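Data block below; observations after.
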Amino acid sequence: MKIAVASILCLVGGAAAFAPTPMITRSQTASQLYMSEEPAEDRRSFVAKSASAAAFASVASVGGITAAPEEAEAASSRMWAAVPLPFEDTLYDIDFDSPTHGYLVGSRGAFAETNDGGKTWEARSFSNLDAEEEVTYRFQVVSFDNGEGWVLGKPTLMLHTNDGGKTWERIPLSPKLPGEPTSILSLGPAKAEMTTSSGAVYVTENAGRNWKAQVKETIDATLNRISSSGVSGASYFTGSIVNQVRDEQGAYLAVSSRGNFFLTWEPGQDFWIPHNRGTPRRIQNMGFVEGDIKKGLWMTLNGGKLFVSPSEPDLSKEGFDFQEAEIKTGGYGITDVAWRTDKEVWAVGGSNTMYVSFDGGKKFSFDKSANAIPGNLYNVKFFKEFDNMGWALGSNGLLLRYVG
């Protein structure tokens, strides 16, 4: 399953410019967490709901846009249905370890479980944490594989379960870790892959007791080396990264915090490779075509632009040959893109806008499934292993299920 980090790009503090320690060992004892029998919504009822509306107003006001593009409305589809949730917090990630069992995570301690394939969701909380402590966490990533699960949150918090979420272990992380954890992927019994804000990639095979580095140097070390190499234009590659995504084979893609370049890394490489974006517009987000770097990359830019690269891109080159997709966003920013099949592609963005393509991402049309709902969509995911079920996540506790 692909990793889905929060799609709205947030600035990440600069990481130390040194190579990742080959082996990181946790220095503290892990603590056990148990799911509380007390209804989570009661514990969190004091949380103010006005912040969600404020976030919507902030994004929707970009470019003075307050309604969906009129010319797209006439020929629009409606292929998604809203699913009620026990909270109204921003949603960041969703994952399933079977066609029926899955978890959903979000801001202010939002944590929910389903046992009927996502038709209904029940809020969960940890009995070891009081309501005020739990609500300070922003759960950003959840990953499951055959009952083995991981959750990553901010302030830095890593949780692990090996019994399908009945009990959770809090995993302490070494202070020697370069950067902050940004993603986690469950790879089987006691095994997981973690990335950090400095571009480090680690793998554990003993449930987080030890982490082995997969990259020899952090991204800022790579950029400093390139900038001081005397290569013409090398100083262009400066800054820190703001998001990382992983394809199904273990390759990674990261975007500069300035949005002026991106980087790629594949298993076996010693360091990340920087690439020009090939456009004056700022990069908002990037990902893989059909979850595979060999099939190409997609890139969204300021102003609601979407570009897709051809398949089999040459990753050794500085630039890529991106082609602009035909999509009428009216200026709304596109936050995420996902391939349901090789032909059916979905894009989501500000003011809960949704677009669909049936020609592999060349031309998109408007979908009005969430047009009347206030908020913004941040993430869209499809699970090929579970009959290709799809989910779109957004602000104000908005969860949409693909109904076709």
Side-chain angles (χ1 to χ4, degrees), residues 4-6 28-52 55 82-98 100-145 147-173 180-181 183-184 186 192 207-208 375 378-379 381 391 393-399 401:
V5 185
Q28 303 173 2
T29 304
S31 57
Q32 293 290 332
L33 298 174
Y34 299 90
M35 302 311 294
S36 174
E37 296 297 328
E38 179 184 359
E41 55 269 35
D42 292 341
R43 301 178 66 200
R44 305 174 67 252
S45 60
F46 65 92
V47 177
K49 299 179 180 179
S50 59
S52 297
V83 178
L85 293 179
F87 43 69
E88 297 183 356
D89 302 301
T90 297
L91 308 179
Y92 288 125
D93 200 12
I94 186 173
D95 204 8
F96 288 79
D97 63 345
S98 76
T100 57
H101 182 245
Y103 277 97
L104 180 68
V105 297
S107 64
R108 294 181 291 188
F111 198 72
E113 181 181 14
T114 181
N115 287 291
D116 59 9
K119 296 177 182 177
T120 61
W121 294 83
E122 185 175 350
R124 299 299 189 192
S125 60
F126 298 105
S127 59
N128 310 58
L129 302 176
D130 60 42
E132 291 187 10
E133 181 182 6
E134 188 170 358
V135 82
T136 61
Y137 287 109
R138 184 172 71 227
F139 297 129
Q140 293 184 298
V141 181
V142 59
S143 180
F144 266 87
D145 183 23
E148 191 96 7
W150 298 80
V151 170
L152 192 63
K154 285 187 177 183
T156 300
L157 174 72
M158 182 179 288
L159 305 175
H160 170 248
T161 180
N162 58 13
D163 58 10
K166 294 181 178 66
T167 61
W168 292 83
E169 181 183 27
R170 187 170 183 170
I171 306 296
L173 295 171
E180 297 181 354
S183 69
I184 187 78
S186 182
Y378 303 134
N379 195 351
K381 297 181 71 171
W391 302 91
L393 288 62
S395 59
N396 302 343
L398 177 59
L399 177 65
R401 178 173 59 90

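For clarity, every value in this text was computed on a predicted model and none was experimentally measured. Side chains are part of it too, since the values below use all heavy atoms of this structure and drop only hydrogens, waters and symmetry mates.
By the 30° and 60° cut-offs, the orientation of the rings of His101 relative to Phe144 is perpendicular.
Of all heavy-atom pairs spanning Leu173 and Pro181, the tightest one is CD1-CG, 3.4 Å. Residue Leu398 comes nearest to Ala82 through the heavy atom pair CD1-CB, 4.5 Å, listed as atom of the first residue, atom of the second, then distance. Of all heavy-atom pairs between Ile184 and Ala192, the closest is CD1-CB, 4.0 Å.
With hydrogens and angles disregarded, a donor-acceptor distance shorter than 3.5 Å links the side chain of Ser143 to the backbone of Ser186. Panel note: side chain Thr161, backbone Thr167; a donor-acceptor pair is recorded below 3.5 Å. Without hydrogens or angle criteria, Thr114 side chain to Thr120 main chain gives a donor-acceptor distance under 3.5 Å.
Contact check for Arg138 versus Thr90: no side-chain heavy atoms found under the 4.5 Å cut-off. Put simply, the side chain of Leu104 reaches to within 4.5 Å of the side chain of Ile94, judged on heavy atoms. The side-chain heavy atoms of Asn379 and Asp93, taken from C-beta on, include a pair separated by under 4.5 Å. Between Ile171 and Trp150 the shortest side-chain heavy-atom distance falls below 4.5 Å.
Remark: Leu91 CG to Ser395 OG distance equals 8.5 Å, nearest 0.5 Å.
The only option from Phe111, Trp391, Phe96 that meets the ring pair (Phe, Tyr, Trp, His ring centres under 6.0 Å) definition with Tyr103 turns out to be Phe111.
With sequence neighbours left out, the side-chain hydrogen bond (donor to acceptor under 3.5 Å, both in side chains) criterion links Asn162 to no other residue.
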Practice problem: List the steps, then state whether side-chain contact (heavy atoms from CB on, under 4.5 Å) holds for Leu157 with Arg170. | Solution: CA-CA 7 Å; Leu157 174 72; Arg170 187 170 183 170; 3.1 Å; yes
Self-check item: side-chain contact (heavy atoms from CB on, under 4.5 Å) evaluation trace for Leu399 with Leu393
Solution: CA-CA 5 Å; Leu399 177 65; Leu393 288 62; 4.0 Å; yes
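In this structure, the ring of Phe139 has its center no less than 6.0 angstrom from the ring center of Tyr92.
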